[in-house]
**Q** 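Please find one structure pasted underneath; my questions will follow.
Chain letters run A, B, ... following the sequence lines, proteins first, then strands; residues in each count from 1. Everything quoted here is computed from the prediction, not taken from an experiment.
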Protein chains: 2
Amino acid sequence: MDPRLDRDMSNCSIARTLEVVGEKWTILILREVWYGSSRFGDFERVLGCPRNLLAARLRMLVEEGILATETYKEPGARSRPKYVITPKGMDLVPAVMGLLQWGDRYRADPEGPAVLTRHRGCGAHVNVHVRCEQGHSVREEDVESVPGPAFRMKVAE
Amino acid sequence: MDPRLDRDMSNCSIARTLEVVGEKWTILILREVWYGSSRFGDFERVLGCPRNLLAARLRMLVEEGILATETYKEPGARSRPKYVITPKGMDLVPAVMGLLQWGDRYRADPEGPAVLTRHRGCGAHVNVHVRCEQGHSVREEDVESVPGPAFRMKVAE
DNA sequence: CACCTAAGTTTACTTTCCCATACCCAGCGA
DNA sequence: TCGCTGGGTATGGGAAAGTAAACTTAGGTG
């Protein structure tokens, strides 16, 4: 009989991204970096994340090139590492802002959002937005997904 | 001594969004809905997700109002439920597209992406993009986070 | 009326992840 | 050289997730 043909899951950019940032504390660590934290103790204190997981997540983010380590030195203390975001890490901002925006809309505190995102300089609110290369603003329901060059089907057993 | 003041984590839209879509299969289920799947068997077959978890995730997504159930009826079969995305679910598209876009850029198959997203109608590629209310295109490093109306500090023990 | 099918539920077992806590290590300053 | 401090590592228990397979259910078909 005909083999059943299905989309091959092994080649999915969403799944691959989630392999990196899909674990519990990872995106929250990135959020804190984005908000200005850089030290192990900052993350631990603000997030309340267990130290071993925090160390594991930071190590992974550095290995992936999303964070990088630098050293800092407080007067009268030895130099210690701190974590800064890389351009590759900055490119996660649209995804994280997408989560932020959805949470602000559907799960916000009655008082409003806890954090506002502004355009440095002009000061206006920023948001994420879907657009096409023709410059059109695209409504979510007008996004169409079609097979790309690496689209593969899989053969079910 | 002074209590230490920290950002209060309980009011974070990112964390709240992740409470809903942060579990392993959830976003992949949404992706499949977005790509056109709607039936229990579709998800099981394409994702390879265990049935019990799939049922639990679908139930949760319906409870959260991200998916809704409708019934379908194949000729000569009884009616069965199918899952369709709601407007609240569609509003997750920018976040999911952010993940897709990052994966396409940094973890793509050598051949290219498996899926292309196009503007229905004009056919041009779509992407997510940060902009401000003045209409400016905003570079990621020019996004500034400032305390909003519900910003709260917490007092460390 | 027995059988088939899709959509689950249930059960039992294994594996992985999460959390808390204790411990370790490398300077610096007293 | 002793303790203090920040940045980790090690460990052990418990919760959750993954795996596999049997069971259930409701209606349509032969």
**Q** What verdict does the salt bridge (charged side-chain N to carboxylate O under 4.0 Å, His left out) test give for E74(A) and R39(A), after you've listed the backbone C-alpha separation in whole Å, the side-chain angles of each residue and the deciding distance to 0.1 Å?
**A** CA-CA 12 Å; E74(A) 299 261 306; R39(A) 284 136 69 150; 3.2 Å; yes

**Q** Can you name the side chain to side chain donor-acceptor pair (under 3.5 Å) partners of R51(A), sequence neighbours left out?
**A**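 For R51(A), the residues satisfying side chain to side chain donor-acceptor pair (under 3.5 Å) (neighbours in sequence not counted) are E44(A).
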
**Q** Using the test side chain to side chain contact (heavy atoms under 4.5 Å, CB included), find all partners of D142(B) that sit at least two apart in sequence or belong to another chain.
**A**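 For D142(B), the residues satisfying side chain to side chain contact (heavy atoms under 4.5 Å, CB included) (neighbours in sequence not counted) are H119(A), R120(A), V138(B), R139(B).
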
**Q** Which atom pairs, one a donor and one an acceptor, fall under 3.5 Å between side chains of residues 96-116 of chain A and the rest of the protein, sequence neighbours left out?
**A**
from	atom 1	to	atom 2	distance (Å)
Q101(A)	OE1	V128(A)	N	2.8
Q101(A)	NE2	V128(A)	O	3.2
W102(A)	NE1	K88(B)	O	3.0
D104(A)	OD1	S13(B)	OG	2.4
R105(A)	NH1	D91(B)	OD2	3.1
Y106(A)	OH	D91(B)	OD2	2.4
R107(A)	NH1	R16(B)	O	3.1
R107(A)	NH1	E19(B)	OE1	3.3
D109(A)	OD1	E111(A)	N	3.1
D109(A)	OD2	R152(B)	NH1	3.2
E111(A)	OE2	R152(B)	NH1	3.4

**Q** May I have the distance from D42(A) (atom CG) to dT5(D) (atom P), rounded to whole angstrom?
**A**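 So the CG-P distance, D42(A) to dT5(D), works out to 17 Å.
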
**Q** Rounded to whole angstrom units, what separation is found between the CD atom of E74(A) and the C1' atom of dG7(D)?
**A**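 In whole Å, dG7(D) C1' and E74(A) CD are 13 Å from each other.
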
**Q** Among residues at least two apart in sequence or on other chains, which ones pass side chain to side chain donor-acceptor pair (under 3.5 Å) with T17(B)?
**A**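 Partners of T17(B) by the side chain to side chain donor-acceptor pair (under 3.5 Å) criterion come out as none, since no residue qualifies.
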
**Q** Side-chain polar contacts of residues 62-71 of chain B - donor-acceptor pairs under 3.5 angstrom, sequence neighbours left out - could you list them?
**A**
none

**Q** Take the protein atom CZ of R39(A) and the nucleotide atom C1' of dG7(D), then report the distance between them rounded to whole Å.
**A**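 Atom-to-atom, R39(A) to dG7(D), this comes out as 11 Å.
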
**Q** Does F43(B) reach a base, just sugar-phosphate, or nothing at all? Heavy atoms under 4.0 Å.
**A**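 No contact at all - F43(B) keeps every heavy atom at 4.0 Å or more from the nucleic acid.
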
**Q** Can you give one letter per nucleotide of nucleotides 17-30 of chain D, going 5' to 3': B for a protein heavy atom under 4.0 Å from the base, S for sugar-phosphate only, - for none?
**A** SSBB-----BSSS-

**Q** Mind checking what makes side chain to side chain donor-acceptor pair (under 3.5 Å) contact with R78(B), not counting sequence neighbours?
**A**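 With sequence neighbours excluded, R78(B) shows a side chain to side chain donor-acceptor pair (under 3.5 Å) to no residue whatsoever.
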
**Q** Considering residues at least two apart in sequence or located in another chain, which fulfil the side chain to side chain donor-acceptor pair (under 3.5 Å) criterion with S79(A)?
**A**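 Scan of S79(A) (side chain to side chain donor-acceptor pair (under 3.5 Å), adjacent residues dropped) gives none.
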
**Q** Mind checking which nucleotides bracket the chain A contacts on DNA chain C, 5' to 3', with an atom under 4.0 Å from a heavy atom?
**A**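 Extent of the interface on DNA chain C: dC18(C) to dG29(C).
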
**Q** Whole angstroms only, please: what is the CD1-P distance between I29(A) and dG8(D)?
**A**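 Rounding to the nearest Å, CD1 of I29(A) and P of dG8(D) are 12 Å apart.
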
